[in-house]
Amino acid sequence: YSSVRGCMILRPYGYAIWENIQHILDGMFKDTGHENVYMPMLIPESLLQKEKDHVEGFAPEVAWVTQGGNETLAERLCVRPTSETLFCEHFSHIITSYRDLPKLYNQWCSVLRWEKTTRPFLRTAEFLWQEGHTMHATAQEAIDETEQMLNIYAQFCQEQLSMPVIKGRKTEKEKFAGAEATYTIEAMMHDGKSLQSGTSHYFGDGFARAFHITYTDKDNTLQYPHQTSWGVSTRIIGAIIMTHGDDSGLVLPPAIAPMQVVVLPIAQQKPGVCEKATELQARLKKRFRTGIDLSDNSPGWKFSQYEMKGVPLRLEIGPKDMEKDQCVLVRRDTREKYFVPLAELEEKVEVLLAEIAKNLYQRALENRERRTWVAANMDELKEIADHNNGFIKSMWCGDEAFERKLKEVAGVSSRCMPYQQEVLGENRCVCCGKPAKAMVIWGKAY
RNA sequence: CGGGAUGUGGCUCAGUUUGGUAGAGCGCUGCGUUCGGGACGCAGAGGCCGUGGGUUCGAAUCCCGCCAUCCCGACCA
């Protein structure tokens, strides 16, 4: 934390993780036709007020700028908690014809929310994120965009972060302020608590109407465009820590690890060892993010240090190895040791990094499956929730009152209605026994 | 925002009950010996005891306000 309440400092190693995440995601956004822009950090109050649900949702947690220099401002400005309103105002100026659509914008920035309770990474007052904002001619196009971006997030989490996620839709109670529908990827942490790891919203034309964004269609009729927004934040770093970490510290997925391999000399005072270690680092650097530690800390200290930092692979090189023209590779996830002929080093590193990514995914998936239950009625659900953290699947009639009730009696909230719906038991609501509308996953959230 | 707890070298904490010149371990600096799972010896540096006020001859210690952090709950999208 910094000296400002709830605000976190990202030091180089942590920021490097974010940069790697940014780089991969940004590529995925651009591959699907999105362009980066930058909007101001400040929003005039009148602009924030334009969409009723939106302002009601965010007003309690925005910070205000009321003074510039020595002058009190005629209109106060809020520090953006999210930028829908700024994008909408801008869209209202630049969209006039169907030829102007779609607009596929994204921005990387930080936002500020005056949270009552903060938690490092998971809920900080200011946090880094990307927010995509898009405008489309038709509802269907916007719905497809919402889904496409959710799929990109899910793919990123599963393939790059080795983090299984459940794609689904949020209930009315849990959806974004001003959205018609909110979609989410829900991940389960090591301790069974769930974390919303990314969201994608479909707005319909609600904001467009509030901000008077219109375009002329091919047949010369005035239309409202349909809108989406979607975001992933530094919270995802918290998700990585809590999905894969163990008692020795971080375990980082190779794709985003600032250092994929760390080269550690053994008996480094012996002639040639440091030179050999440096040479191996230089070799590996051509293909992998590779670090080296030539400090005079003991080897044991270094082992612990880089395990704590979650470096996926450790390379040990000492006099005994040099005699045999080999080195030792040790995996962070399983701590397995491999004696590797130097001629095969790059190939072995490549294979092991891929195996680590796969194994991390499997482990996380197994943890999630082990902690997933089905509840047929409220008593069962409470019984499960009282003794476990995890996902509880059950049928639900759609009544919001029951969401509040379950929060009250069992401490769980609805995480999502998964895309992959199932019909459990006799398809009756877990609370009232009436015919159900959807299967919901309940859980304790961070 | 409610209930509870805590702020003392970089970190973890003792000292506060019973007011009397600020302590430990780790870390840090230098030198030497070590080095295949968090090495060791010697010598050093480092603190307006969260902050503002009050009581007192004297406050880390007692009283009041504020700020921050942690746990539980509410809020959260």
*On RNA chain B, check which nucleotide each of A/R119 and A/P265 is closest to and give me the residue with the more 5' one.*
A/P265
*Could you check A/W301 against A/Q269 and say which one's nearest nucleotide on RNA chain B is further toward the 5' end?*
A/Q269
Which one is paired to [N], where only Watson-Crick or G-U wobble pairs with both distances under 3.5 angstrom count?
{"N": "B/rC66", "value": "B/rG50"}
{"N": "B/rA60", "value": "none"}
{"N": "B/rC42", "value": "B/rG30"}
{"N": "B/rG73", "value": "B/rC1"}
{"N": "B/rA14", "value": "none"}

*Answer with yes or no whether the side chains of A/R76 and A/T66 bring together a donor and an acceptor at under 3.5 Å.*
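A/T66 vs A/R76: no donor-acceptor pair found between side chains.
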*Taking atom types as modelled and ignoring hydrogens, do the side chains of A/H54 and A/E56 form a donor-acceptor contact shorter than 3.5 angstrom?*
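The answer is no; no qualifying pair exists.
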So what does [X] hit on the nucleic acid, given a heavy-atom distance under 4.0 Å: a base, only sugar-phosphate, or nothing?
{"X": "A/E61", "value": "sugar-phosphate"}
{"X": "A/D296", "value": "nothing"}
{"X": "A/R113", "value": "sugar-phosphate"}
{"X": "A/T117", "value": "base"}
{"X": "A/A179", "value": "nothing"}
{"X": "A/K170", "value": "nothing"}
{"X": "A/R314", "value": "base"}
{"X": "A/K270", "value": "nothing"}
{"X": "A/P319", "value": "base"}
{"X": "A/G249", "value": "nothing"}
{"X": "A/E174", "value": "base"}

*Should the pair A/Y202 and A/H226 be assigned to parallel (<30°), tilted (30 to 60°) or perpendicular (>60°) ring geometry?*
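A/Y202 vs A/H226 ring planes: parallel.
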*Measure the acute angle between the ring planes of A/F87 and A/F91, then classify it against the limits of 30° and 60° as parallel, tilted or perpendicular.*
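The rings of A/F87 and A/F91 sit tilted, inter-plane angle from 30° to 60°.
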*Ring-face cation contact, A/F303 with A/R314, 6.0 Å cut, 45° max*: yes
Show every donor-acceptor pair shorter than 3.5 Å between a side-chain atom in residues 400-407 of chain A and any protein atom, with sequence neighbours excluded, or say none if there are none.
| from | atom 1 | to | atom 2 | distance (Å) |
| --- | --- | --- | --- | --- |
| A/E403 | OE1 | A/T171 | OG1 | 2.8 |
| A/E403 | OE1 | A/S414 | OG | 2.8 |
| A/E403 | OE2 | A/T171 | OG1 | 3.4 |

Determine the Euclidean distance between corresponding [atom1] atoms of [M] and [N]; express it in Å to zero decimal places.
{"N": "B/rC26", "M": "B/rG41", "atom1": "P", "value": "9 Å"}
{"N": "B/rU6", "M": "B/rU16", "atom1": "C1'", "value": "14 Å"}
{"N": "B/rU21", "M": "B/rG15", "atom1": "C1'", "value": "15 Å"}
{"N": "B/rG10", "M": "B/rC1", "atom1": "P", "value": "30 Å"}
{"N": "B/rA45", "M": "B/rU34", "atom1": "C1'", "value": "25 Å"}
{"N": "B/rC42", "M": "B/rU51", "atom1": "C1'", "value": "41 Å"}
{"N": "B/rA5", "M": "B/rA77", "atom1": "C1'", "value": "31 Å"}
{"N": "B/rG27", "M": "B/rC13", "atom1": "C1'", "value": "14 Å"}

*Could you walk me through whether A/Q227 and A/T134 pass side-chain hydrogen bond (donor to acceptor under 3.5 Å, both in side chains), step by step?*
CA-CA 6 Å; A/Q227 188 177 359; A/T134 69; over 6 Å; no
*Which residues share a ring pair (Phe, Tyr, Trp, His ring centres under 6.0 Å) with A/F156, sequence neighbours left out*: none
*At the 4.0 Å heavy-atom cut-off to chain A, mark where contacts on RNA chain B begin and end, going 5' to 3'.*
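Range of nucleotides touched by chain A: B/rC1 to B/rA77.
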*Minimum side-chain heavy-atom gap A/M189-A/Y446 below 4.5 Å*: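 Yes - at least one pair of side-chain heavy atoms lies under 4.5 Å apart.
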